[in-house]
Amino acid sequence: IGISNRVTNENSKCEMRKEERLCIIQPCQTNILKTIKIPKGKTCQPTFQLPKAEKLAFSGCSSTQSYKPTFCGVCLDKRCCIPNKSKMIIVQFDCPKEGSFKWKMMWITSCVCQRICSDPGDIFSGLKLL
């Protein structure tokens, strides 16, 4: 699970505010192609789910409920799959010896596969040289 940040003025007072939310685009697995079945005749599977619901883990804590999130998939033709539509949910986590907390989380509802793939760690990847 990662944390995404943004600064927005989408509020009733139109004030700049920093927002944080949890997100998970793909599960941490060494070979995701073994998990995903790409349909015959296709080169991409935009989304997939794990076979069973699991508790989410974050910072040594686990979610009180089990979830079966939708993840972005993979392509065999060098395209990449990224979230296309998502919603916000609230997830409660229990921590051993430390109580519990709730945090907003991006919940992917659909992904799209595209040819322009940028490095998600490169904040300047969207810039073009003139």
Side-chain angles (χ1 to χ4, degrees):
I1 293 181
I3 299 175
S4 68
N5 297 297
R6 75 174 185 166
V7 176
T8 180
N9 65 346
E10 290 179 18
N11 56 68
S12 60
K13 295 184 179 180
C14 199
E15 295 175 341
M16 297 301 278
R17 292 188 183 150
K18 182 179 176 183
E19 294 180 349
E20 295 179 324
R21 66 181 178 179
L22 300 176
C23 55
I24 184 166
I25 308 298
Q26 286 185 337
C28 298
Q29 294 178 352
T30 53
N31 191 350
I32 204 157
L33 284 172
K34 289 182 180 178
T35 306
I36 300 173
K37 296 207 183 328
I38 296 177
K40 189 171 180 146
K42 301 282 184 178
T43 56
C44 291
Q45 179 63 36
T47 59
F48 72 98
Q49 288 185 313
L50 297 179
K52 61 179 185 167
E54 298 178 358
K55 292 192 178 221
L56 303 173
F58 180 67
S59 227
C61 306
S62 63
S63 61
T64 55
Q65 288 182 271
S66 293
Y67 293 91
K68 196 172 178 181
T70 298
F71 298 108
C72 290
V74 293
C75 295
L76 301 174
D77 61 1
K78 296 188 179 180
R79 286 187 287 168
C80 56
C81 301
I82 60 168
N84 182 41
K85 292 182 182 174
S86 65
K87 62 182 181 179
M88 197 77 67
I89 65 168
I90 303 292
V91 178
Q92 181 163 337
F93 291 89
D94 281 336
C95 307
K97 304 178 193 169
E98 298 173 17
S100 64
F101 64 92
K102 292 180 182 179
W103 208 329
K104 293 179 193 173
M105 182 167 188
M106 177 179 84
W107 193 258
I108 296 171
T109 55
S110 71
C111 297
V112 64
C113 299
Q114 59 185 21
R115 294 216 178 273
I116 300 170
C117 302
S118 60
D119 179 0
D122 181 3
I123 62 170
F124 301 110
S125 62
L127 298 178
K128 306 282 186 250
L129 293 174
L130 299 176

Donor-acceptor pairs under 3.5 Å, side chain of residues 75-85 to any protein atom, not counting sequence neighbours: which ones?
unit_1, atom_1, unit_2, atom_2, d
Asp77, OD1, Arg79, N, 3.3
Asp77, OD1, Arg79, NE, 3.3
Asp77, OD2, Thr43, OG1, 3.1
Asp77, OD2, Arg79, NE, 3.0
Asp77, OD2, Arg79, NH2, 3.2
Arg79, NH2, Thr43, OG1, 3.2

Subject >> Gap between atom CZ of Phe93 and atom CE of Met105 - 0.5 Å precision >> reply: 6.5 Å
**OP:** Please lay out, stage by stage, how Phe71 and Ile108 fare under the test side-chain contact (heavy atoms from CB on, under 4.5 Å).
**Re:** CA-CA 7 Å; Phe71 298 108; Ile108 296 171; 5.8 Å; no
Original post:
For Lys104 and Ile90, what are the C-alpha separation, side-chain angles and deciding distance, and is it a side-chain contact (heavy atoms from CB on, under 4.5 Å)?
Top reply: CA-CA 5 Å; Lys104 293 179 193 173; Ile90 303 292; 3.7 Å; yes
**OP:** Please report the shortest heavy-atom distance between Cys61 and Phe101, naming the atom on each side.
**Re:** SG-CE2, 3.7 Å
Subject >> Residues in salt bridge (charged side-chain N to carboxylate O under 4.0 Å, His left out) contact with Glu19, at least two apart in sequence or another chain >> reply: Arg6
Original post:
In Å and rounded to the nearest 0.5 Å, what is the CD1 to CZ distance from Ile3 to Phe58?
Top reply: 4.0 Å
Original post:
From Ile24 CD1 over to Leu56 CG, what is the distance, rounded to the nearest 0.5 angstrom?
Top reply: 7.0 Å
Subject >> Lys87 atom NZ, neighbour heavy-atom count above 12 within 6.0 Å >> reply: no
Original post:
Taking only residues two or more places apart in sequence or in another chain, which ones pass side chain to side chain donor-acceptor pair (under 3.5 Å) with Gln65?
Top reply: Tyr67
Original post:
Could you state the interatomic distance from CD1 (Ile89) to CH2 (Trp103), rounded to the nearest 0.5 Å?
Top reply: 14.0 Å
Original post:
Would you say Ser66 and Glu54 make side-chain contact, with heavy atoms under 4.5 Å?
Top reply: no
Original post:
Distance from Ile1 atom CD1 to Met106 atom CE, nearest 0.5 Å?
Top reply: 11.0 Å
**OP:** State whether the side chain of Gln49 and the backbone N or O of Lys68 hold a donor-acceptor pair below 3.5 Å, judged by distance alone.
**Re:** yes
**OP:** Give, for atom CZ of Arg21 and atom OG of Ser86, the distance between the pair rounded to the nearest 0.5 Å.
**Re:** 5.0 Å
